[in-house]
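Predicted model, so just to flag it, every value in this text is computed and none were measured. Here is the naming used below: chain letters follow the sequence lines, and residue numbers restart at 1 for every chain.
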Number of protein chains: 2
Amino acid sequence: MKIEQIRITPVAFRDPPVLNASGVHIPYALRAVIEVEDSSGCIGLGETYGDLPALNNLIKVKDKLIGLSPYDINALHKIIKSEIKPDISQGFANLNPGTHAAKAATNTFAAFEVAFLDLQAKAKSIPLAELLGGIIRKKVPYSAYLFYKFKEHINAPYEADPWGEALTPEQIVAQATKMVSMHGFQSLKLKAGVLKPEIEIDTILALSKAFPKSPLRIDPNANWSIKTAINVANKLDGVIEYYEDPVPTLKGMGELRKNTNLKLATNMVVTSFKEFKENIFTNSSQVILSDHHFWGGLLATKHLAWMCDLFNFELSMHSNSHMGISLMAMTHLAASTPNLDYACDTHYPWYEEDVIQGDRIQFSKGAVSIDKSKPGLGVELDYEKLEKLHQQYLECGYKITSEQGEYMRKFQPEFPFKKPRY
Amino acid sequence: MKIEQIRITPVAFRDPPVLNASGVHIPYALRAVIEVEDSSGCIGLGETYGDLPALNNLIKVKDKLIGLSPYDINALHKIIKSEIKPDISQGFANLNPGTHAAKAATNTFAAFEVAFLDLQAKAKSIPLAELLGGIIRKKVPYSAYLFYKFKEHINAPYEADPWGEALTPEQIVAQATKMVSMHGFQSLKLKAGVLKPEIEIDTILALSKAFPKSPLRIDPNANWSIKTAINVANKLDGVIEYYEDPVPTLKGMGELRKNTNLKLATNMVVTSFKEFKENIFTNSSQVILSDHHFWGGLLATKHLAWMCDLFNFELSMHSNSHMGISLMAMTHLAASTPNLDYACDTHYPWYEEDVIQGDRIQFSKGAVSIDKSKPGLGVELDYEKLEKLHQQYLECGYKITSEQGEYMRKFQPEFPFKKPRY
């Protein structure tokens, strides 16, 4: 079984004007779709960042992988390590240090590794989760990812999304109520670091009142000073299940840790095994958010999970804007990883477009199920949809997504770039 | 693909009277052969300790695994964890803490895991090393494992082995010369802690003179005091590539470390991930000897290798008495593990019996090759040989191998049990 063809297709899909510490999402999310085809015509799929630097790296190596066995993960690693060098001059989304160009090789590897593993599993007609060690949970729970948001994008590039404005606690509770009624999520996560901390505290307290049984999380993306973070922690102690990236830097998290009983979680200061190692010595974060896209793939995430178990850290999962291929990679990974027992994060409910065949992936009681009758990731490409979103990519005018601050200034000309802002 | 049958067969094979810190090998080595058969008749093989406590654990769980998919490593783990509890009243070989009954579940798991993975690879017609991430090295180098030894066993239970007595530096050089000429080994390892340290130092110096290009190792199995170990280190600094388990306990290794530039290696004080964790904080040992039989299998050893790379430890491989199934598991593991670049240890050249079809496994220039045309481990059972060694097991009278000190007293009635002895 040899790889005969590889195709990389950049796509853009509509992304609502949701707010975060850096600004507001631009009108389109960019992703790259990876197809790895063997001599029998079997195709393994992957999905990763579609920003130009990431895309260029995928394109740079793809032809060098022709002829490899999809089992030869070691060779994939070796080729990518020799071809892709970190380039710190490249742009990256600063809310997600995992996408930093210093991780270019790791992230390029991860993108292909998923497709290689999907191909392995499809060739054997087993679900990817089975290849990854066996299905521990058939239903993988996700959290409702709540965002403050504007009603619509500047200049209305397309019809406004159905979610409306959300800039108050009441509007977030309404958003949560709608999202929970649509998808049945049991856990709720608020993207914070956007409005004044008092409003965000009130939002969590309102959610707690409206959903007394739901575990809650808050993630201000390191947009708070330690003083603010301690103040918020005092108000939310006993209310949230974990406190995600309230302050910048591992050192900052360590300082905060001395001043709160809340478990600290991160996808910003422990984003690599090197940082994981530092965190062992400092115990700055107690919950590590995995993300196979930037931790180096599914097998590297298995190593991460093993190490979390060994070093007594808890494991959860981070999400970027993504489509169904990534959602299923996340789902198969979580389904086969015993200690990944927090509900995972996902942006998926915010989108309407996808590239997969059939309906978009459904959440039932907040969980995505593994269909054991479907091999690999359990999804196949719909080439009409892929072409449509590729055309959208070509026409949308965006090549990188790290323009959220600039875009925010179109809504609020005085928007400050300084961070932490509160 | 479901597992329909599992067979566990204890075997005994002739073991020469080689000496170690505990005494002398009894006339037979005991192993258990594991067969895991799926509905298509495909059989995955494993080999592990044959001592009665280990054997009983295998037998206890085997029927509980019927019906599992061989991919379902998570379920295998869960079943064994619930069925097998540590029993510190059980005996264990004290030179190999990895076989301690506290590791009963880990070791039972490892035995089946190899067979599950062999079955996976055979079902796909790929070598096990390919399943384990791809072949990094087609030829896996082993070291010549040199032993002081008696000419023959007490009461000559069978014809004496062809190696003769080795109780002096000259006799060890002759042994090494013969072993190297037969198998082409490039590295040499001396099992020490047997004779007076001065003789063992002289032995290493004689080997160094006779094989100036060969990396040398010495392993006194923790039979030296720190004072003795420092004295030996001073004599062997610059002569050996690493210094394996000179003294007992992780603390002792840490103390020794302060007094020598030699790299310290271990298969006695870092034998579990818990101990690995302690070693991160103390850096007592710099070279970790893997052994999939007691580290929890091939995938756990991949985690170990990953962690060695991350925490800047080197990785080598330990060996117990074993046959061809274990040798091939070790070979496929090493072939697919990038940072396992030391020559691995093996006792294999000391034996003449095996249970595999065809010839015994050959070393060429000291290495075992992966034959890419052979699926899985690349070996199949010869049921006549298996039956013969099983009968030998039934008739030999031994049920555990931890009687090496008692047996030594038949040669040397004054042999002291105290350790460290020198």
**Q.** For chain A, the option from B:F116, B:F311, B:F281 that forms the most heavy-atom pairs under 4.5 Å
**A.** B:F311

Q | Contact winner vs chain B - A:A129, A:G134, A:S336, heavy-atom pairs under 4.5 Å | A | A:G134

Q) What distance separates A:L299 CG from B:W306 CH2, expressed to the nearest 0.5 Å? A) 8.5 Å

Q. Should we say atom NZ of A:K374 is surrounded by more than 12 heavy atoms from elsewhere, each under 6.0 Å from it?
A. no

Q. Got A:N312 and B:K277 here, is their nearest side-chain heavy-atom distance under 4.5 Å?
A. yes

(Q) Looking only at heavy atoms and a cut-off of under 4.5 Å, which of A:N74, A:I135, A:I73 has the most pairs with chain B? (A) A:N74

(Q) If you count heavy atoms of other groups shown closer than 6.0 angstrom to NZ of A:K124, is the number above 12? (A) yes

Q. Under a 4.5 Å heavy-atom cut-off, does chain B meet the side chain of A:F276, its backbone, both or neither?
A. neither

Q | Which of A:I126, A:L132, A:T337, A:L131 touches chain B most, by non-hydrogen pairs under 4.5 Å | A | A:I126

Q. Side chain, backbone, both or neither: which part of A:K274 has a non-hydrogen atom closer than 4.5 Å to chain B?
A. backbone

Q | Nearest heavy atoms of B:H303 and A:H303, plus distance in Å | A | ND1-ND1, 2.7 Å

Q | Closest non-hydrogen atom pair between B:L310 and A:M307, with its separation | A | CD2-CE, 3.3 Å

Q.
Working to the nearest 0.5 angstrom, can you tell me the gap between B:K302 NZ and A:K302 NZ?
A. 16.0 Å

Q: Please flag which part of A:A300 lies under 4.5 Å from any non-hydrogen atom of chain B: side chain, backbone, both or neither.
A: both

